[in-house]
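Inspection log for the structure reproduced underneath, given as C-alpha cells.
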Amino acid sequence: MEDSPVVALIGARQVGKTTLAREIAQRHLRAHLFDLESSADVARLGDPLLALSHLEGLVVLDEVQRRPDLFPTLRVLADRHPSPARFLVLGSASPDLLRQSAESLAGRIAHYELPPLSLAETGAAQVHDLWLRGGFPASFTARTDAASYRWRRDFVRTFLERDIAQLGINIPPTTLERFWNMLAHYHAQVWNGSELGRAFGVSHHAVRRYLEALEATFMVRVLKPWSANLGKRQVRSPKIYLRDSGLLHRLLDIADPEQLERHPKVGASWEGFIIENAIRALGAEDRQCYFWGAHSGAEIDLLVRQAGRLRALEVKRTSSPTITRSMRTAVADLKIESLDVIHAGGETFPLGPGIRAVAAARMLEDLA
C-alpha cells in the first residue's frame with residue numbers, strides 16, 4: 001500500500017478479507033468504507049467520480065467485482081499528483097476474472113491474495129484440526145467438528161447458488177455442483193478433460209470452462225507440469241487439487257477424524273493439504289509451482305522454481321518414509337540437488353545423499 005495507489009486484496013469468499021481491511025482501516029486517521037453489497041453504499045456511488053474524488057486517506061471498496069465499472073474511475077483518481085487517497089479494493093475473484101482492473105489500472109494496481117489459514121498462523125499443534133476443517137476462519141474456529149461441517153455445507157450451497165452468478169460466471173449451479181463433487185474424487189490426479197466430459201455428456205472444452213471457474217474463485221489449484229529435456233515421455237497435463245482440505249472433506253462427506261482416516265482419499269487429501277502449506281512456507285507464487293511426472297511412473301509432487309533454484313518435495317502419509325525408486329529416478333533425471341520428503345511423523349532426519357525426511361509439524365522451520 002506504500003508503493004501502489006491501488007491495492008487489490010483478493011481471495012475466496014469468507015476467507016477474512018473484510019476483517020483484515022477493517023483492521024487496516026483502523027490504523028488510518030481517515031478511512032472510508034464502501035460495501036458494494038449494501039444498497040446504501042451502491043447508491044452513494046451512483047456517480048463514482050463525484051463520490052470518491054474529495055475523499056482523503058484510505059478508501060476501501062468491498063466486493064469490487066460487483067462494480068467493474070469503477071476501475072476507470074480509480075485510474076483517474078490514482079493518477080492525481082499528489083494523491084490525497086489510497087484505494088484498497090476487495091474482490092472474490094482472481095485478477096484474470098477481474099480483467100477490467102488489469103486493463104484500466106495497468107501499472108497502478110498491486111494484487112495481494114489472502115489465502116485460508118495455514119500452519120504458520122494456527123501453529124503446528126493444530127495440524128490435524130486444520131487438515132480436517134480447512135483454513136476458512138469460521139470453519140477452523142467452530143465449536144465442534146459437527147458445527148464446522150455444517151458451516152462448510154452452508155458455504156458450498158451459498159457459493160453455488162449466489163456467489164457464482166454474482167461473479168458473472170454463467171454456469172448453472174446444479175451443473176457446477178456435480179462437477180465440483182466429481183472433481184473432489186479426482187483430487188491430486190492428472191487432469192483428464194475428455195474423461196470428465198464423457199461422464200457429463202459434454203465436450204472437454206465445457207468441463208475445462210467449469211474448471212477455470214473454480215480456479216478463478218480460489219477453489220481449485222491447477223498445478224502445471226514441469227517439462228525437462230529428457231529422452232523419455234513426460235506427463236503434459238496439470239494435476240488438480242481442491243485448495244482447501246475442509247471443503248474437499250465436505251464434498252467427500254467426511255465429517256470427523258475417524259471417517260477421514262478410513263476414507264480411500266485420505267492420502268490424496270493429506271498430499272493436497274501439505275502442498276498448500278509448503279507453498280505458503282516457501283513464499284512461492286503460483287507461477288513458480290509445478291509437479292513432474294514421467295510415463296514410466298517416476299514423479300515429484302511439488303517442484304518450486306525460485307531464484308534459479310529448483311526445490312523438490314514429496315508428500316507421504318506415513319511416519320517412517322523411505323527412499324523409493326521413483327525418488328531416485330526423479331533426482332537423477334532432473335538433476336535435483338536436494339529432495340524433501342514431507343511425512344506425518346514427528347522428526348526431521350536424513351534419508352540419504354541429498355534426500356531428507358521433514359516432519360509436517362516442523363515444515364515451517366525446516367523448509368525455510
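Quick caveat: nothing in here was measured; it's all calculated off a predicted structure.
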Crowded around [X] [atom1]? As in, over 12 foreign heavy atoms under 6.0 Å?
X      : atom1 : answer
Tyr112 : OH    : no
Asn170 : CG    : no
Glu121 : CD    : yes
Arg162 : CZ    : yes
Glu56  : CD    : yes

For [Y], does its backbone N or O pair with a side-chain atom of [X] as donor and acceptor, under 3.5 Å?
X      : Y      : answer
His263 : Gln259 : no
Asp301 : Leu313 : no
His111 : Ala8   : no
Gln288 : Glu285 : yes
Lys232 : Asp333 : no
Thr348 : Ala359 : yes

Going from [atom1] on [X] to [atom2] on [Y], what distance comes out if it is rounded to the nearest 0.5 angstrom?
X      : Y      : atom1 : atom2 : answer
Glu314 : Ile300 : CD    : CD1   : 4.5 Å
Leu90  : Leu36  : CG    : CG    : 9.5 Å
Arg80  : Ser53  : CZ    : OG    : 6.5 Å
Asn277 : Phe273 : CG    : CZ    : 4.5 Å
Glu195 : Phe200 : CD    : CZ    : 12.5 Å
Leu55  : Arg86  : CG    : CZ    : 15.5 Å

Decide, yes or no, whether a salt bridge links [X] with [Y] under the criterion of side-chain N to carboxylate O below 4.0 Å.
X      : Y      : value
Glu63  : Arg13  : yes
Arg311 : Asp340 : yes
Arg208 : Glu212 : yes
Asp366 : Arg362 : yes
Arg221 : Glu276 : yes

Report yes or no: is the cationic atom of Arg243 (NZ for Lys, CZ for Arg) under 6.0 Å from the centre of the six-membered ring of Phe218, at an angle within 45° of the ring normal?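 Negative - Arg243 is either too far from the ring of Phe218 or too far off its axis.
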Ignoring hydrogens and geometry beyond distance, is a side-chain donor-acceptor pair present between [X] and [Y] at under 3.5 Å?
X      : Y      : value
His343 : Ser319 : no
Trp292 : Gln234 : yes
Ser148 : Ser139 : yes

Can you spot which of Lys265, Lys239, Arg317 makes a side-chain hydrogen bond (donor to acceptor under 3.5 Å, both in side chains) with Glu271?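 That would be Lys239; it is the only one of Lys265, Lys239, Arg317 passing the side-chain hydrogen bond (donor to acceptor under 3.5 Å, both in side chains) with Glu271.
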Please assess His128 against Leu130 for the test side chain to side chain contact (heavy atoms under 4.5 Å, CB included), listing each intermediate value before the final yes or no. CA-CA 5 Å; His128 288 94; Leu130 184 63; over 6 Å; no
Report yes or no: do [X] and [Y] belong to one cluster of Ile/Leu/Val/Met/Phe/Trp/Tyr joined by side chain heavy-atom distances under 4.5 Å?
X      : Y      : result
Leu160 : Leu242 : yes
Trp151 : Phe159 : yes
Val341 : Val358 : no
Leu176 : Leu247 : yes
Trp131 : Leu117 : yes

Between Leu119 and Thr122, does the side chain to side chain contact (heavy atoms under 4.5 Å, CB included) criterion hold? Intermediate values first, please. CA-CA 5 Å; Leu119 284 172; Thr122 66; 4.1 Å; yes
Evaluate the criterion side chain to side chain contact (heavy atoms under 4.5 Å, CB included) for residue pair Phe34 and Val42; output intermediate values, then yes/no. CA-CA 8 Å; Phe34 295 85; Val42 170; over 6 Å; no
Residue pair Phe349, Arg356: steps toward the side chain to side chain contact (heavy atoms under 4.5 Å, CB included) verdict: CA-CA 6 Å; Phe349 53 90; Arg356 66 172 178 168; over 6 Å; no
Please lay out, stage by stage, how His187 and Ser269 fare under the test side-chain hydrogen bond (donor to acceptor under 3.5 Å, both in side chains). CA-CA 7 Å; His187 175 83; Ser269 170; 5.6 Å; no
For the pair Arg108 and Ser4, evaluate side-chain hydrogen bond (donor to acceptor under 3.5 Å, both in side chains) and give the outcome as yes or no after the intermediate values. CA-CA 6 Å; Arg108 305 170 181 88; Ser4 299; over 6 Å; no
Between Phe155 and Phe136, how do the two ring planes meet: parallel, tilted or perpendicular, split at 30° and 60°?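 Ring orientation, 0 to 90° scale: tilted.
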